[in-house]
Structures are given as C-alpha cells and as structure tokens.
Amino acid sequence: MAEFVPVDPFDLVIFGGTGDLAERKLLPALYHRDRDGQFSDDSLIVGVSRSDITDAGYADWVRDALDRQFAPNRVDADVWARFSSRLRHRRLDLTGDDGWAELGAALDPEHARVRVYYLATASSLFGPVSHHLHDTGLVDERSRIVLEKPVGEDYPSACAVNDAVGAVFDESQIYRIDHYLGKETVQNLLALRFGNSLFEPLWERGAVDHVQITVAEELGAGNRFEFYERTGALRDMVQNHMLQLLCLVAMEPPASMHHDDIRNEKIKVLRSLKPITEESVAHATVRGRYTAGIIDDTPVPGYTKEGEAAGVRAANQHAETFVAIKAEIDNWRWNGTPFYLRTGKRMPRKMSQIVFQFKPVPHSIFGDQTLEPNRLVMSLQPEEGVQLTLMTKEPGPGGFRMRSLPLNLHFSDAFAVNYPDAYERLLMEVLRGNPALFMRRDEIETAWQWIDRIIDNWAAEDIQPEDYMAGSWGPTQSVMLVDRDRRRWFNPASGQNALDSEKHAEIKQ
Ligand code: BG6
C-alpha cells in the first residue's frame with residue numbers, strides 16, 4: 001500500500017518564488033504534499049522575489065496560481081488554511097547585498113529545522129546566492145541547496161557554477177534537479193531491468209538492434225521564448241533529461257540502490273559516449289525548428305511568430321526546437337548498437353518512450369511469412385506502461401499465418417494510484433536528505449563535454465535548424481537519420497516502425 005510518510009520540520013526558501021516554475025510545479029507540488037499530511041505544523045515556505053509584496057499578498061498570489069493550475073474548485077478550504085499559514089515572502093535583489101538579513105529573520109533562528117534553499121533561477125545566480133547565504137550566516141551542515149537545471153550553459157560555465165556553489169556547500173548538501181529522475185515510470189526502468197532476470201541476457205549488442213528514446217511535446221516555446229532562444233532543445237532537453245534516460249537504460253547493473261552506486265554506473269555511460277566530431281556531426285545530428293501548423297485540429301503559430309510576439313526579430317532567432325541524434329556508446333555491452341535520441345516541441349502529441357528493437361530471428365522456418373523482430377516499448381508518459389511485441393500464429397484454418405501481437409502492461413490498470421508529480425517526490429527526497437534522484441557534479445560536467453562538442457561542430461559546419469511543420473514528427477532530416485541505417489522511428493499510434501510513413505515514402509522515391 002502506498003503510504004505518505006511525514007518529513008521533519010523544515011524551512012524551505014524558494015528563490016524565484018513568483019516565477020514560472022514556482023507557479024506551475026513547486027507550489028502545486030507542496031500543496032499536494034501538505035494535503036496528504038506530510039508537513040509538520042511549524043514548517044515554513046518562504047518565497048523570495050523582487051516584488052514588493054507582503055506575506056498576505058504572496059498567499060493571495062499563490063492561491064491564484066493554484067487556481068490557475070488546478071481544475072476549478074480543487075483547492076480544499078481546510079488544506080488551504082493550513083498551507084497558506086506557512087507562506088512568507090521576502091523581497092530580495094539576488095545580485096545585491098541588501099535584504100539577506102531580513103530573509104534570515106524569517107527562518108528558524110535555532111537552525112533546528114531542516115533548511116532547504118531552492119534556486120529556481122538562472123544558474124548564473126547560483127554562485128552569488130550561495131555566497132550571500134554564507135556571508136549572512138544562513139548556511140550550516142543541515143542546510144541543503146537545490147539547483148534547477150540547466151546548471152551552466154556549457155562545460156566551463158557548469159564548472160564555474162559548481163565551483164562557486166561548492167565553495168559554500170559540501171557536495172552532499174547539493175541537489176541538482178533533473179525532474180525526469182522523479183518520474184514514477186523512469187524509476188520503474190530500474191525495477192524492470194534489475195527486478196527481472198528475463199531481460200538481462202538480452203540487454204546487449206548481440207540481441208538489441210538499436211534503441212530509440214523519444215521525448216515529444218505538444219507545447220511550443222510560448223511565453224518561455226527568451227529562455228528557449230538562449231538555450232535551445234539540445235541544452236534544454238538532451239543535456240539532462242535525454243542523457244539521464246540513456247544512462248538508466250544503458251548502464252551496467254549497480255551494486256545496490258545506493259545513490260553513489262547508481263551514479264557511478266551512469267557516469268561510465270556518459271564517459272563512453274562516442275564524441276560527435278566535425279566529420280560525423282552532419283550525419284549523426286539533426287536540428288529543427290517548427291513553423292506554423294495544426295495540432296489537435298487547432299492552428300498554432302510558428303516559432304518565428306512567437307519570437308516576434310516576444311519582441312525578438314526573426315534575424316536574431318537561433319534556437320532549435322527539435323533535435324535528433326544518433327548516439328553511440330563505446331563499451332563492451334553496446335558497441336555497434338546505436339541509440340537514436342529525438343526530442344521536439346510542437347509534435348503531434350506529448351509522448352515519452354524508450355523502444356528496444358531486438359534483432360530478427362537468425363533463420364525463419366515459416367517460408368515467406370513476414371516475421372517482425374520483437375520490440376520492447378517502455379512508455380513513460382502520458383500512458384505509463386510496457387509493451388512487448390511477440391510473433392504468434394493467427395488462429396483458425398487457412399494455413400500457418402504469423403502475426404505480431406503486443407503483450408501490454410498498463411500501470412494505471414495494475415495500480416489504482418494517482419502518480420504524484422515528479423516535483424512532489426523530488427521535494428520530499430530533498431527534505432529527507434536522499435540524493436539518489438539528483439545529479440552529481442561529475443555527471444553534469446561530463447554530459448556538458450559531450451554536448452559542447454555538438455554545439456561547437458554545429459557552429460563549425462554551419463548546421464542550421466531545418467523547418468518542420470507544427471504537428472509533424474520533426475524535419476525530414478530526422479527521418480533520414482534513421483533511414484540511412486535502414487531503420488525507422490517507431491510510431492505507437494499506428495504500431496509501425498515509421499513515425500511518418502508518407503514522408504518516408506516520399507524520401508525513398
Ligand atoms: C523542462 C524543459 O525541463 O522539461 C521544458 O525546460 C520542457 O522545456 C519540460 O517542456 C518537459 O517536462 P515534462 O515533465 O512535461 O515532460
């Protein structure tokens with residue numbers, strides 16, 4: 001039975017307390033955990049922002065934010081009374097020297113409660129905020145700091161941020177968030193891989209033809225345009241979420257679930273990634289950017305229009321909203337088995353999945369019957385589950401007809417629980433002091449080194465984003481990326497290994 005275990009009393013300070021992340025994720029997550037009785041009465045949540053608002057004004061803002069995020073009338077009066085009584089607001093310019101003592105005065109003077117600083121800000125502020133906290137005497141060995149992704153924008157800046165934060169906080173006090181690691185089904189990857197003996201002998205180059213990891217979103221850059229323009233999909237999605245998924249599916253079995261055992265295996269995968277070079281970049285990577293299109297029968301504007309609405313002229317728009325990469329892992333287990341990564345905004349629907357495409361049988365005894373190689377699909381969202389396709393015989397007379405059928409496990413059918421949002425789990429793990437679901441410094445920096453090579457070679461080879469229509473599965477080059485290896489993207493809607501069969505047919509002609 002799922003059970004909510006209360007956490008120790010805490011003071012949680014959210015820098016960026018009126019920002020997008022606080023509004024959409026952190027405050028709703030905290031409200032839900034409070035609703036389920038996990039917080040002691042004296043625990044506090046302090047929002048920090050530049051706004052000149054009182055505690056009561058902040059509570060009003062939070063209430064509006066929850067009403068915007070939840071379905072109508074979802075905020076319960078009793079839970080809200082309790083939750084709002086914990087809310088405080090302190091005004092602070094994070095780059096300035098003033099206001100830090102006032103922030104300290106809002107916190108437990110005895111330092112008896114767990115103290116967490118959540119930095120939902122640009123990573124350029126992580127160092128300065130750490131120093132101010134230290135200089136104001138607000139850091140002790142019970143304090144923890146949470147760093148939102150992305151940490152840095154390349155390897156040197158990530159190292160500089162890690163150095164600056166590391167000068168104040170010990171590595172064991174630093175929690176670098178990748179919210180994908182808090183997703184229930186991402187954790188289930190570990191259960192599936194290491195709780196079943198069935199897969200392990202097949203989890204290697206001899207049995208697996210290739211692996212596909214797709215994280216598709218319906219959303220566009222929208223009101224985060226300026227952030228996206230600075231970041232792009234490679235830095236925003238691949239450097240962290242996609243590479244973390246890759247690590248979890250490709251790593252060796254860890255000795256235990258201890259956080260360092262798992263992180264030690266993940267880092268080996270990152271270190272084994274074959275660098276994308278000047279010679280390989282044009283064939284191994286694809287950049288795309290959406291143009292206007294239709295999603296769910298609704299017309300949506302292109303990236304350029306969104307930029308113009310945000311005041312950024314088309315000539316200055318550089319970011320990619322889609323990336324596909326053929327990643328190769330140079331180790332004994334995976335040599336010669338490509339991992340195709342693909343992520344994009346304004347795709348036909350939200351869908352994250354990992355596909356293991358197994359090799360065909362070595363010899364068919366069924367004459368000219370088509371045998372589809374087995375496929376294991378792990379769906380991470382929105383429908384969580386596992387599907388294994390098997391060849392079977394169609395029943396009845398008329399000859400021996402072979403047919404591929406799926407063996408389906410839908411987690412929502414098996415477990416009658418609502419999965420908490422990833423941020424709910426991650427916030428509770430920080431408050432409990434369990435770093436297993438967070439990234440260690442070396443993981444972040446090694447991931448950046450691999451990503452930086454791609455960015456540098458995009459610049460060296462002048463590789464520009466190719467247009468794709470919103471509501472499609474990405475640019476033509478993405479189909480070509482796998483087609484060159486005589487493979488196809490898997491389309492769960494049609495059950496075929498072709499996400500865009502018409503486009504594929506066109507290209508073949
Ligand atoms: C964030 C990215 O880390 O992840 C966003 O910054 C993206 O651009 C989001 O939309 C996707 O998360 P999820 O949980 O909706 O798959």
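Each ligand, and each atom within it, is numbered from 1 in the order the structure gives. Side-chain atoms are counted along with the backbone in the values below, which use heavy atoms only and exclude waters and symmetry mates.
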Once you measure the plane-to-plane angle for Trp61 and Tyr58, does it fall in the parallel (<30°), tilted (30-60°) or perpendicular (>60°) bin?
parallel

Non-neighbouring partners of Arg74 that pass side-chain hydrogen bond (donor to acceptor under 3.5 Å, both in side chains), sequence neighbours left out
His32

N/O pairs closer than 3.5 Å, ligand 1 and protein:
residue, atom, partner, partner atom, Å
ligand 1, 3 (O), Lys149, NZ, 2.7
ligand 1, 3 (O), His241, NE2, 2.7
ligand 1, 4 (O), His241, NE2, 3.4
ligand 1, 6 (O), Lys149, NZ, 3.1
ligand 1, 6 (O), Arg224, NH2, 3.0
ligand 1, 6 (O), Asp236, OD1, 2.6
ligand 1, 6 (O), Asp236, OD2, 3.3
ligand 1, 8 (O), Arg224, NH1, 2.9
ligand 1, 8 (O), Asp236, OD2, 2.6
ligand 1, 8 (O), Lys345, NZ, 2.9
ligand 1, 10 (O), Glu217, OE1, 2.5
ligand 1, 10 (O), Glu217, OE2, 3.3
ligand 1, 10 (O), Lys345, NZ, 3.2
ligand 1, 12 (O), His179, NE2, 3.1
ligand 1, 14 (O), His179, NE2, 2.8
ligand 1, 14 (O), Lys183, NZ, 2.6
ligand 1, 15 (O), Lys350, NZ, 2.7
ligand 1, 16 (O), Tyr180, OH, 2.5
ligand 1, 16 (O), Lys350, NZ, 3.2
ligand 1, 16 (O), Gln381, NE2, 2.7

Start with the C-alpha distance between Arg68 and Asp64, add both sets of side-chain angles, then the distance that settles salt bridge (Lys or Arg N to Asp or Glu O under 4.0 Å), and finish with yes or no.
CA-CA 6 Å; Arg68 277 195 295 277; Asp64 287 347; 5.0 Å; no

Show every side chain to side chain donor-acceptor pair (under 3.5 Å) that has at least one partner inside residues 236-249, sequence neighbours left out.
Lys149-Asp236, Asp178-His241, Tyr228-Asp236, Gln244-Lys266, Gln244-Glu443

Exercise: identify the closest heavy-atom pair between Ile45 and Phe10
CG1-CE1, 4.3 Å

Here the ring pair (Phe, Tyr, Trp, His ring centres under 6.0 Å) pairs for residues 446-465, sequence neighbours left out, are none

